[in-house]
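The shown structure was predicted, so the numbers you read here are calculated from the model rather than taken from an experiment.
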Amino acid sequence: MTASKEQLTLLLYNGALRFLNESIQALQEGNIQKSHNANLRVQNIVREFMATLDQSYEISGQWLQLYEFVEYSLIEGNIKKDLTHLQNAKGILEEMRDTWQEVMKLTRSAQAGVSNE
């Protein structure tokens, strides 16, 4: 309730990665239903990212394409029970999360610099 929009986005990335790791591990263990359920949770988070993406920024189109590819990889991985697709989705989500964290740090630093002036 007290988290900023930026922090909520970071929490969603972390949640998506947690569920994706759960899906991958369950698939490796042969627990197809658990893998499927966790995969659906990741898909829901990715769709939320896609739906709430602010299209007023030029970079938004590129991020939307990444989200679409992640969604495709999740679906393919879920249907085909293919770890490669899931690992691809995980790699992209990790990079996006890490980029988001860096933007948050830079924004905080810039705001601190402005308030110190």
Side-chain angles (χ1 to χ4, degrees):
M1 295 285 254
T2 61
S4 69
K5 290 179 185 180
E6 294 81 13
Q7 291 168 325
L8 290 174
T9 299
L10 183 59
L11 289 171
L12 282 173
Y13 275 120
N14 288 333
L17 287 165
R18 182 171 44 99
F19 292 127
L20 187 47
N21 284 327
E22 183 180 310
S23 178
I24 290 168
Q25 182 176 355
L27 187 58
Q28 290 171 330
E29 295 170 353
N31 189 337
I32 302 303
Q33 189 62 50
K34 183 176 180 180
S35 176
H36 170 76
N37 291 342
N39 186 302
L40 291 180
R41 293 185 83 171
V42 182
Q43 288 181 44
N44 287 335
I45 292 171
V46 170
R47 287 186 189 114
E48 183 65 20
F49 282 140
M50 292 166 67
T52 59
L53 193 59
D54 185 346
Q55 294 295 325
S56 65
Y57 297 100
E58 186 176 328
I59 196 167
S60 297
Q62 295 166 349
W63 280 65
L64 182 60
Q65 289 177 340
L66 286 170
Y67 287 136
E68 288 172 342
F69 182 75
V70 168
E71 181 184 37
Y72 168 81
S73 296
L74 291 168
I75 292 168
E76 287 294 302
N78 201 19
I79 291 171
K80 297 178 180 177
K81 309 305 176 213
D82 183 348
L83 288 171
T84 302
H85 285 292
L86 299 180
Q87 293 290 357
N88 288 340
K90 180 181 173 183
I92 293 169
L93 283 174
E94 285 175 335
E95 285 185 41
M96 293 178 88
R97 188 258 332 259
D98 293 348
T99 299
W100 187 256
Q101 281 181 309
E102 189 61 30
V103 168
M104 287 176 64
K105 286 179 191 174
L106 292 172
T107 302
R108 278 195 298 261
S109 294
Q111 289 172 345
V114 169
S115 65
N116 289 335
E117 291 178 7

When you look at Thr9 and Thr52, which way does the side-chain contact (heavy atoms from CB on, under 4.5 Å) test go after all the steps? CA-CA 10 Å; Thr9 299; Thr52 59; over 6 Å; no

Starting from the C-alpha separation in whole Å, work towards a yes-or-no answer on side-chain hydrogen bond (donor to acceptor under 3.5 Å, both in side chains) for Asn44 and Glu48. CA-CA 6 Å; Asn44 287 335; Glu48 183 65 20; over 6 Å; no

Please test Arg47 against Glu71 for salt bridge (charged side-chain N to carboxylate O under 4.0 Å, His left out), starting from the C-alpha separation and ending with a verdict. CA-CA 8 Å; Arg47 287 186 189 114; Glu71 181 184 37; 2.7 Å; yes

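Taking each heavy atom of Ser35 and Ala26 in turn, the nearest pair found is N-CB, 3.5 Å. Heavy atoms only, all atoms of each residue included: Gln7 and Thr2 are closest at OE1-O, 4.4 Å. Heavy-atom minimum distance, Gly15 versus Ile45: C-CD1, 4.0 Å. Between Leu53 and Ser60, the shortest heavy-atom contact is CD2-O, 3.1 Å.
Proximity of Leu74 to Leu20: side-chain heavy atoms (C-beta onward) are separated by under 4.5 Å at one or more points. At a threshold of 4.5 Å between non-hydrogen side-chain atoms, the residues Trp63 and Phe49 do not count as touching. Contact of the Asp82 side chain with the Glu76 side chain is not registered, since no non-hydrogen atoms from C-beta on lie closer than 4.5 Å. For the pair Thr107 and Glu6, the minimum side-chain heavy-atom distance is 4.5 Å or more.
No path of Ile, Leu, Val, Met, Phe, Trp and Tyr side chains, each step under 4.5 Å between heavy atoms, connects Phe19 with Leu11, placing them in separate hydrophobic clusters. In the hydrophobic cluster analysis, where Ile, Leu, Val, Met, Phe, Trp and Tyr join through side-chain heavy atoms closer than 4.5 angstrom, Tyr13 is grouped apart from Leu106. In this structure, Ile79 is not a member of the same hydrophobic cluster as Leu86, with clusters built from ILVMFWY side-chain heavy atoms closer than 4.5 Å. Both Met104 and Leu93 are members of a single hydrophobic cluster when ILVMFWY side chains are connected at heavy-atom separations under 4.5 Å. The hydrophobic clustering, which links ILVMFWY residues whose side-chain heavy atoms are closer than 4.5 Å, places Val42 and Phe69 together.
How far CD1 of Ile59 is from CG of Leu64: 12.5 Å, rounded to the nearest 0.5 Å. For the atom pair CG of Asn78 and NE2 of His85, the computed distance is 11.5 Å after rounding to the nearest 0.5 Å. Note that the CG atom of Leu27 and the CD atom of Glu29 stand 10.0 Å from one another [nearest 0.5 Å]. Considering OG of Ser23 and CZ of Arg41, their distance stands at 12.0 Å, rounded to 0.5 Å. A distance of 5.0 Å separates NZ in Lys34 from CD in Glu22, rounded to the nearest 0.5 Å.
Listed by first then second residue, pairs satisfying side chain to side chain donor-acceptor pair (under 3.5 Å) with a partner in residues 95-106 read Asn14-Arg97, not counting sequence neighbours.
Residues Asn37 and Gln33 have side chains that bring a donor and an acceptor to within less than 3.5 angstrom of each other. No side-chain donor from either of Asn21 and Gln25 sits under 3.5 Å from a side-chain acceptor of the other.
Under a cut-off of 6.0 angstrom, the local environment of CD in Glu58 is sparse, with at most 12 non-hydrogen atoms contributed by other residues, nucleotides or ligands.
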